[in-house]
Amino acid sequence: MKDKRLFTPGPTEVPKEVLKAISGKVMHHRKKEFSGIFENVIKNSASVFRSQGEIFLFSSSGTGAMEASVVNLTSPGDKALVIIAGKFGQRWAQLCSAFDVETEIIDCPWGEAVDPQKIKDSLQANPDIKAVFTTLLETSTAVVHPIKEIAEAVRGTNALLAVDAVSGLSCEELETDQWGVDVVVAASHKALMNPPGLGLLCVSDKAKRAYENNARKSYYWDLKKASASLKNLQTPYTPAVNMVYGLDKAIEMILAEGVENVWQRHRDLAGVAREALQDMGLELFSTSPSNGLTAVKVPEGKDCKKILTNLEENARMVFAGGQSHLKGKIIRIAHMGWCAEKDLRRALDALKKELEKQ
Ligand code: PMP
């Protein structure tokens with residue numbers, strides 16, 4: 001496995017500088033030296049989130065940070081609006097159900113983005129909606145949703161807007177404060193160029209007031225406790241210390257490249273992928289294709305499993321297939337995070353050769 005290049009939408013490739021940082025000596029998390037690194041991560045990640053809001057780090061996967069959003073923004077019996085356009089929209093709905101939150105659902109065909117007007121209409125019809133849960137980059141379909149327009153639809157209502165940017169942060173344009181997004185969820189193992197292990201949350205003042213006054217109790221995910229610790233540059237419980245070194249390094253690399261340049265690099269990579277794939281005669285799956293990964297339909301008569309296995313065994317490249325009902329029907333190629341054009345072109349060439357062989 002060690003020699004296989006990941007073109008999967010998480011985990012993704014990790015630069016050697018980050019791996020080196022992670023392999024550093026373990027520090028005690030209550031000591032000044034570690035707080036200095038933690039402070040750096042929090043301060044610098046504000047530039048990636050494009051927000052002056054509170055930033056929390058959890059030793060968890062992305063789903064943990066999604067759960068933290070649901071338990072802190074809602075109480076049992078509250079109503080939320082959930083946009084489902086794939087597997088990760090479904091996850092929001094499942095979390096709401098697990099925590100006794102009533103849901104209004106906007107169901108979009110997989111492969112399509114949500115129409116913001118539907119959100120506006122739903123909020124008008126249901127003024128008691130406390131929160132809107134949606135996704136920036138729906139990884140299961142390679143769709144990017146129009147968060148700016150969604151935020152406009154939510155603006156002026158009492159509802160909070162929570163965006164799952166687990167896959168999207170740093171590869172899709174997101175202006176958290178400027179657009180008026182209240183909660184952004186992220187994770188280390190996508191465009192943030194780290195192994196899995198850290199979940200991140202960025203929280204607006206409006207969302208802070210909501211969690212401070214929320215009746216529901218939680219323990220590990222309690223943002224009131226996390227916020228009190230954050231003031232002392234700490235986390236309530238032992239953080240994944242070495243992962244924090246890795247995130248510090250990766251964010252330093254993103255800021256050195258420039259957040260907008262990183263967005264542009266992803267736009268360019270997505271352009272290369274779409275053009276090359278269409279030149280191979282393949283059809284894009286998404287009608288609102290993302291910049292972090294590209295999905296194509298498996299051509300009639302081709303065996304998806306065989307294509308993916310051969311690419312892995314022979315070309316030593318790991319691509320992703322479809323999830324749920326899309327299993328066997330689409331191939332997903334991630335170009336998020338630590339990905340240069342030459343890496344992507346190598347992957348596209350390998351896919352082309354494999355398709356020709358079949
Ligand atoms: N949301 C999105 C958009 C994702 O892509 C993923 C991971 N594939 C998750 C949430 C869940 O993250 P995790 O697997 O880290 O819990």
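One-based numbering, in listed order, for ligands and for the atoms of each. Heavy-atom basis, side chains included; hydrogens, waters and symmetry copies ignored.
- The residues Glu260 and Arg50 are annotated as salt-bridged, a charged nitrogen and a carboxylate oxygen being separated by less than 4.0 angstrom.
- For ligand 1 and His189, the ligand atoms under 4.0 Å from any heavy atom of the residue are 15 (O).
- Within the 4.0 Å heavy-atom criterion, the part of Leu137 lying near ligand 1 is the backbone and not the side chain.
- Which parts of ligand 1 touch Met66 is read off a 4.0 Å heavy-atom cut-off, strictly below it: atoms 10 (C).
- Phe58 CZ to Ser188 OG: the interatomic distance, rounded to the nearest 0.5 Å, is 13.5 Å.
- For ligand 1, the atoms lying closer than 4.0 Å to a non-hydrogen atom of Thr139 are 2 (C), 3 (C), 4 (C), 5 (O).
- Lys357 has a carboxylate O that lies under 4.0 Å from a charged side-chain N of Glu354, or vice versa, which qualifies the two as a salt bridge.
- Near Gly62, meaning under 4.0 Å from one of its heavy atoms, ligand 1 places the atoms 12 (O), 13 (P), 15 (O), 16 (O).
- Using a 4.0 Å cut-off between heavy atoms, Thr63 contacts ligand 1 through both its backbone and its side chain.
- The nearest pair of heavy atoms linking Leu160 to Asp182 is CA-OD2, 3.4 Å.
- Stacking of Lys329 on the aromatic ring of Phe285 is not recorded, the 6.0 Å distance cut-off and the 45° axial limit not both being met.
- Atom OG in Ser140 sits 6.0 Å away from atom CZ in Phe88 (nearest 0.5 Å).
- The N/O atoms of Thr135, backbone and side chain alike, include none that comes under 3.5 Å of an N/O atom in ligand 1.
- The proximity of Ser61 to ligand 1, defined as any non-hydrogen pair under 4.0 Å, involves the side chain as well as the backbone.
- An N or O contact shorter than 3.5 Å is missing between Glu138 and ligand 1 by distance.
- Taking the charged nitrogens against the carboxylate oxygens, Glu341 and Arg345 do have a contact shorter than 4.0 Å, which makes a salt bridge.
- From the protein, the heavy atom lying nearest to atom 1 (N) of ligand 1 is Asp164 OD2, 2.6 Å.
- For atom 8 (N) of ligand 1, the nearest non-hydrogen atom from the set Met336, Lys190, Gln323 belongs to Lys190.
- Less than 4.0 angstrom separates some heavy atom of Arg91 from each of these atoms of ligand 1: 11 (C).
- Protein heavy atom closest to atom 6 (C) of ligand 1, with residue, atom name and distance, is Phe88 CE2, 3.3 Å.
- Checking each of Leu200, Ile22, Asn242 against Leu247 for a side chain to side chain contact (heavy atoms under 4.5 Å, CB included) leaves exactly one that passes, namely Leu200.
- Salt bridge annotation for Glu283-Lys297: present, with a cationic side-chain nitrogen under 4.0 angstrom from a carboxylate oxygen.
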